[in-house]
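Please read the structure below before turning to the comments.
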Amino acid sequence: MAATTIPLLLLLLAVAAAAAAAADLSVYHNVHPSSPSPLESIIALARDDDARLLFISSKAVTTGVSSAPVASGQTPPSYVVRAGLGSPSQQLLLALDTSADATWAHCSPCNTCPSNSLFSPANSSSYASLPCSSSWCPLFQGQACPAQGDPSQSAATLPTCAFSKPFADASFQAALASDSLKLGKDAIPNYTFGCVSSVTGPTTNMPKQGLLGLGRGPMALLSQAGSLYNGVFSYCLPSYRSYYFSGSLRLGAGGQPRSVRYTPMLRNPHRSSLYYVNVTGLSVGRAWVKVPAGSFAFDAITGAGTVVDSGTVITRWTAPVYAALREEFRRQVAAPSGYTSLGAFDTCFNTDEVAAGGAPAVTIHMDGGVDLTLPMENTLIHSSATPLACLAMAEAPQNVNSVVNVIANLQQQNIRVVFDVANSRVGFAKESCN
């Protein structure tokens, strides 16, 4: 009996130690869809993907374990996490963005910001504005110091580094600052971020309180956290149908699932924030999709290739890839009444006309033998009002980034996605976040 009990006790202690070392931050829905139908909700959200894709395509060159809850914010970037900023800590809901480096928050006073829940620098004892001479200022593309400035001036007397940034259909002005950032149980002192003071243009699609930059650049969380997270984070995004705080952002190498399958992470120096992976093909059911040669090729100059992104709503494939995927999908579904278009989707069909389970699975094949077979809820989006379902993917807009494929958050739902920058790899594992 003792021989059995001791190994079991050791196992329980090991599990408890692993849990203590990890801090999972919840990822969750910030605003519920206005429509009761998932299909209509996704269509509404996907309308803003064009602006998001333009943001991704225009990225320029840039010179322990913790975890937090994650949920959908319903406007791109679609998922938010609760973080603390300042001393004492002020709670904010920050949008997760794997394609951006800079973290920013709406700060008081700001009459044009999208929410009244603003971060108050005046109430934080650790807040500090950074001068134009700061080495961080060029990274945020801040304004240079005045040419007439006295070289002997101290940093305290120099003007604050100010920068502007476009976002969706709006833009904002911000001052460069540093303060304590708290994620779960971890506190990162002197975290550099943008303190937004004014917004120009519509704020409908702007994060209400701020954004957490999870890209690969020097301003991003992994870089600023130093050795705290060992260059690793992961998330599991809950379904848009979930109303619970059930997803998670897991920071650090420990606590990541053992079942993860990894594919190499590619680096594009011209779009250094982005997480590129090498897709080798697509299949629908058991049939490989026949695409033109070189359709998935990575090209650092043009930006061509495939990006894993947390902020785009529906996966976009370049025109030749999507045309071939759609053709094979339609061939296998064989809807008697054909297909209609609805919003961004052009392959919608009457589910009453096809056999139950008649929709085939879509698999994304990647280097390293990674075969990511999408759950059915990640492949089809259903209407709750009518017997209608649509293939939940679309063609990349021709006027935006027609050479870039983007694996978006709708297709990542209920999958643990691991970004291991230290080892240049991206991993995937099935996990229920709902």
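Scope of the values below: all heavy atoms of this structure, side chains included, with no hydrogens, waters or symmetry mates. None of the values given here were measured: they were computed from a predicted structure.
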Open item on the list: Run Tyr79 and Gln412 through side-chain contact (heavy atoms from CB on, under 4.5 Å) and show every step you take.
Closed with: CA-CA 12 Å; Tyr79 290 88; Gln412 297 175 47; over 6 Å; no

- [ ] Compare all side-chain heavy atoms of Thr347 with those of Tyr322 and state whether any distance is below 4.5 angstrom.
- [x] yes

Task: Non-hydrogen side-chain atoms of Ser310 and Tyr235 separated by less than 4.5 Å - done: yes

Between atom [atom1] of [X] and atom [atom2] of [Y], what is the distance when rounded to the nearest 0.5 Å?
X      : Y      : atom1 : atom2 : answer
Leu391 : Ile381 : CG    : CD1   : 11.5 Å
Asn378 : Ile314 : CG    : CD1   : 13.0 Å
Lys165 : Ser171 : NZ    : OG    : 11.5 Å
Leu266 : Arg425 : CG    : CZ    : 14.5 Å
Tyr127 : Phe193 : OH    : CZ    : 5.5 Å
Asn414 : Leu374 : CG    : CG    : 12.0 Å

Give me the atom names and distance for the closest heavy-atom approach of [X] to [Y].
X      : Y      : value
Thr98  : Val308 : OG1-O, 3.8 Å
Tyr191 : Ala220 : OH-C, 3.8 Å
Cys113 : Val196 : SG-CG1, 4.2 Å
Ala344 : Arg316 : CB-NH2, 4.2 Å
Ser164 : Gln173 : CB-NE2, 3.3 Å
Lys182 : Ser89  : CB-OG, 4.3 Å

Open item on the list: Is there a side-chain contact (heavy atoms from CB on, under 4.5 Å) between Ser424 and Arg267? Walk through the geometry before answering.
Closed with: CA-CA 8 Å; Ser424 297; Arg267 185 173 183 85; over 6 Å; no

Open item on the list: Parallel, tilted or perpendicular, judged at 30° and 60°: which one describes the rings of Trp317 and Phe296?
Closed with: perpendicular

Task: Mutual orientation of the aromatic rings belonging to Phe419 and Phe233 [parallel < 30°, tilted 30-60°, perpendicular > 60°] - done: parallel

Under 3.5 Å, is there a donor on one side chain and an acceptor on the other for [X] and [Y]?
X      : Y      : answer
Ser99  : Arg271 : no
Ser126 : Asp179 : yes
Asp101 : Ser273 : yes
Tyr262 : Asn423 : no

Open item on the list: Name the residue from Leu211, Thr203, Val199 that meets the side-chain contact (heavy atoms from CB on, under 4.5 Å) definition with Phe167.
Closed with: Leu211

- [ ] Among Ile407, Ile364, Leu325, find the residue that satisfies the side-chain contact (heavy atoms from CB on, under 4.5 Å) test when tested with Thr315.
- [x] Ile407

Open item on the list: Set out, in order, the CA-CA distance, both residues' side-chain angles and the distance that settles side-chain hydrogen bond (donor to acceptor under 3.5 Å, both in side chains) for Arg416 and Ser234, then state yes or no.
Closed with: CA-CA 7 Å; Arg416 173 69 58 181; Ser234 72; 3.0 Å; yes

TODO: List the steps and the verdict of disulfide (SG to SG under 2.5 Å) for Cys107 and Cys195.
DONE: CA-CA 6 Å; Cys107 294; Cys195 201; 2.0 Å; yes

TODO: Give the C-alpha distance, both sets of side-chain angles, the deciding distance and a yes or no for disulfide (SG to SG under 2.5 Å) between Cys145 and Cys132.
DONE: CA-CA 5 Å; Cys145 288; Cys132 55; 2.0 Å; yes

Task: Steps toward side-chain contact (heavy atoms from CB on, under 4.5 Å) verdict (Ser223, Leu221) - done: CA-CA 5 Å; Ser223 296; Leu221 174 65; over 6 Å; no

- [ ] Tell me, with the steps shown, if Leu181 and Leu212 meet side-chain contact (heavy atoms from CB on, under 4.5 Å).
- [x] CA-CA 10 Å; Leu181 176 68; Leu212 182 63; 4.2 Å; yes

